[in-house]
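Just so you know, ligand 1 is whichever comes first in the structure, and atom 1 is the first atom listed for that ligand. In this chain, numbering begins with 1 at the start of the sequence shown.
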Amino acid sequence: MDKIVICGKKPLYGTIDVSGMKNAALPILFATVLVGGKFVLENLPDVNDINLTLKILTLLGAPCVRRGSATEIDTTHLDENAEIPLSLVKKMRASYYLVGAKLGRYGKAHVGYPGGCDFGTRPIDQHLKSFRTLGASAEVNGGYIDAEAKDGLYGSHIFFDMVSVGATINAILAATRAEGMTIIESAAREPHIVDLANFLNTCGAHITGAGTDTIKIRGEKNLHGCSYDIIPDMIEAGTYMTAAAAAGGRVVVRGVIPKHIESVTAKLLEMGVTVNVADDSVEIVREPDKELTRIMVKAVPYPGFPTDMQPQICALVCGAKGTSYVSEGVWDNRFRYVEELVRMGAHILVEGKTAIVEGGAPMKGTQVSAVDLRGGAAVVIAALAAEGITVIDNIELIERGYDDLVGKLAGVGADIRRVSFPD
Ligand code: EPZ
């Protein structure tokens, strides 16, 4: 069994290059199924969720070849009845984008119910509602999502009851080839929604308003393949910015879109960290003995502070003097990682959807687990700042979303290794 071993208290110096964004690449990969054609995608991150998705595309009949930084995919001829094993679709959340993609292309979909990180209940009612609004039947039956548009999909007005990234993406996928105009209200505004719309427009779709809460889609059947560059991963960037702030030193996080990480930059500045923003990079400077200021932060949909950075900022405020409040405004229960930080010595009390952190308690390395993807990143950050050696298990959860995390942190001077332990 492989684990990550970190010896903490080493300041970080150097440059980290950010990979392509997992949560943009996933819907774009499933959108290649919707479109049907030949694609060259640049900047696909080499992470477990993406490699799993390439496996799903291959099982559908699409050859996928990675050549250097580019990935070639041909979804021209697919087996529309190919069934993807439940064991595969249950390994991640994004597999449910196959429902919108297949419904849009073939008028029907039969896809296993997805898995993904455990944050309490993760309903899909808004996805099903959007399919139904476009004229399809959509039900969950015996562990599968079944959707069918016997008379075709028709453009319509979709009003979401809450802001959902996944439901916005599935609605876009299903509506892109529908007959007529679809308007999506209360749409998610995340940069990955914009990237999906830009990708589909490059394939010939007519999508406007992505990045606002109203998206309009004029259905278009005539779509084609394309070459496309995936945007940089704002959560990966934010994770390394936070890691540099926790460990101290001077780190340039390169190849980013600074606008996407403004909410993280703002919190680091508030804590007394120096952040120098350039065109496509941010430099984080913190003298190792410089005290951090306590903060209050609430995770909300974009452009607010991202829920996918909530565990990492919580790990950082463990080193800030005074009481910090870290609130979760998206998920029911995204604090399972707190117990791992407490094992290391952190003083954290979770009350409802807020973690109350008494910062400044001495943190010491010990054996901890990655309880989920970003919770895993949080223990890595805590370990970089802690005294002694931390051994992290369940690292395949970290590798679902971080491309070469060990190599990138080692490259800026962290004492971090991936070690094989006998089972
Ligand atoms: C996406 O999940 C991301 N995953 C998550 O990142 C991220 O935390 C989340 O968006 C919020 O930004 C991917 O992009 C693959 P939602 P998603 O639908 O789409 C409720 C990571 O770490 N809801 O925006 O599943 C839901 O329960 C992952 O990379 C319904 O009630 O999230 C939640 O409270 C983890 N009914 C809220 O909406 C629905 O039908 C937002 O969920 C759908 C969602």
Residue part near ligand 1, for Tyr302, under 4.0 Å between non-hydrogen atoms: neither
Lys108 and Asp146 ion-paired at < 4.0 Å: no
Residue Arg334 vicinity, atoms of ligand 1 by number, heavy atom under 4.0 Å: 8 (O), 22 (O), 35 (C)
Met92 touching ligand 1 at heavy-atom level, < 4.0 angstrom: no
Lys NZ or Arg CZ of Arg189 over Tyr302 ring: under 6.0 Å, within 45°: no
Shortest non-hydrogen separation from Ser19 to Asp403 and the atoms involved: OG-OD2, 3.2 Å
Atom CD of Gln367 with >12 non-hydrogen neighbours under 6.0 angstrom: no
Salt-bridge present (Glu72, Arg66; N to O < 4.0 Å): no
Proximity flag Tyr96 to ligand 1, non-hydrogen atoms under 4.0 Å: yes
Nearest non-hydrogen protein atom, atom 24 (O) of ligand 1: Val165 N, 2.7 Å
Heavy-atom nearest neighbour in the protein, as seen from atom 15 (C) of ligand 1, with distance rounded to 0.1 Å: Asn23 OD1, 3.5 Å
Nearest-contact summary for atom 27 (O) of ligand 1 - protein heavy atom, Å: Pro123 CD, 3.4 Å
Residue portion contacting ligand 1 (non-hydrogen atoms closer than 4.0 Å) for Cys117: neither
Nearest neighbour of atom 41 (C) of ligand 1 from the list Val300, Asp125, Leu26, Val330, on a heavy-atom basis: Val330
Ser164-Gln126 side chain donor-acceptor pair, cut-off 3.5 Å: no
Atom of Ile398, atom of Ala370 and distance for their closest heavy-atom approach: CG1-CB, 3.8 Å
Ligand 1 contacted by Arg400 (non-hydrogen, < 4.0 Å): no
Ligand 1 contact on Glu236 by region, counting heavy-atom pairs under 4.0 Å: neither
Which segment of Ile169 sits under 4.0 Å of ligand 1 when only heavy atoms are counted: neither
Gly401 heavy atom under 4.0 Å from ligand 1: no
Centroid-centroid under 6.0 Å between Phe30 and Tyr96 rings: no
Ile50/Met92 under side chain to side chain contact (heavy atoms under 4.5 Å, CB included): CA gap, chis, key distance, verdict: CA-CA 10 Å; Ile50 295 297; Met92 63 173 175; over 6 Å; no
Contact summary for Ser369 and Glu340, nearest pair of heavy atoms: N-OE1, 2.9 Å
Residue Thr307 vicinity, atoms of ligand 1 by number, heavy atom under 4.0 Å: 8 (O), 11 (C), 12 (O)
Residue and atom name of the nearest protein heavy atom (relative to atom 26 (C) of ligand 1), distance in Å to one decimal: Trp331 CZ3, 3.6 Å
Enumerated ligand 1 atoms positioned under 4.0 Å from heavy atoms of Met162: 23 (N), 30 (C), 31 (O), 36 (N), 38 (O)
Tyr402 and Arg374 side chains, donor-acceptor separation under 3.5 Å: yes
Side chain to side chain contact (heavy atoms under 4.5 Å, CB included) between Arg93 and Ile124, intermediate numbers included: CA-CA 11 Å; Arg93 199 70 190 162; Ile124 62 162; 3.6 Å; yes
Atom 19 (O) of ligand 1 - nearest protein heavy atom and its distance: Gly166 N, 2.8 Å
4.5 Å side-chain heavy-atom contact, Thr75 and Ile73: yes
Contact atoms of ligand 1, heavy-atom distance to Gln126 under 4.0 Å: 36 (N), 39 (C), 40 (O)
Per-residue contact class, Ser164 against ligand 1 - non-hydrogen pairs under 4.0 Å: both
Heteroatom proximity flag, Arg374 to ligand 1, N/O under 3.5 Å: yes
Which residue and heavy atom of the protein sit nearest atom 8 (O) of ligand 1, plus the separation: Asp308 OD1, 2.6 Å
Pick from Arg122, Glu190, Glu328: the one approaching atom 25 (O) of ligand 1 most closely through a non-hydrogen atom: Arg122
Donor-acceptor pair between Asp2 and Ser420 side chains, under 3.5 angstrom: yes
N or O contact, Phe119 vs ligand 1, cut-off under 3.5 Å: no
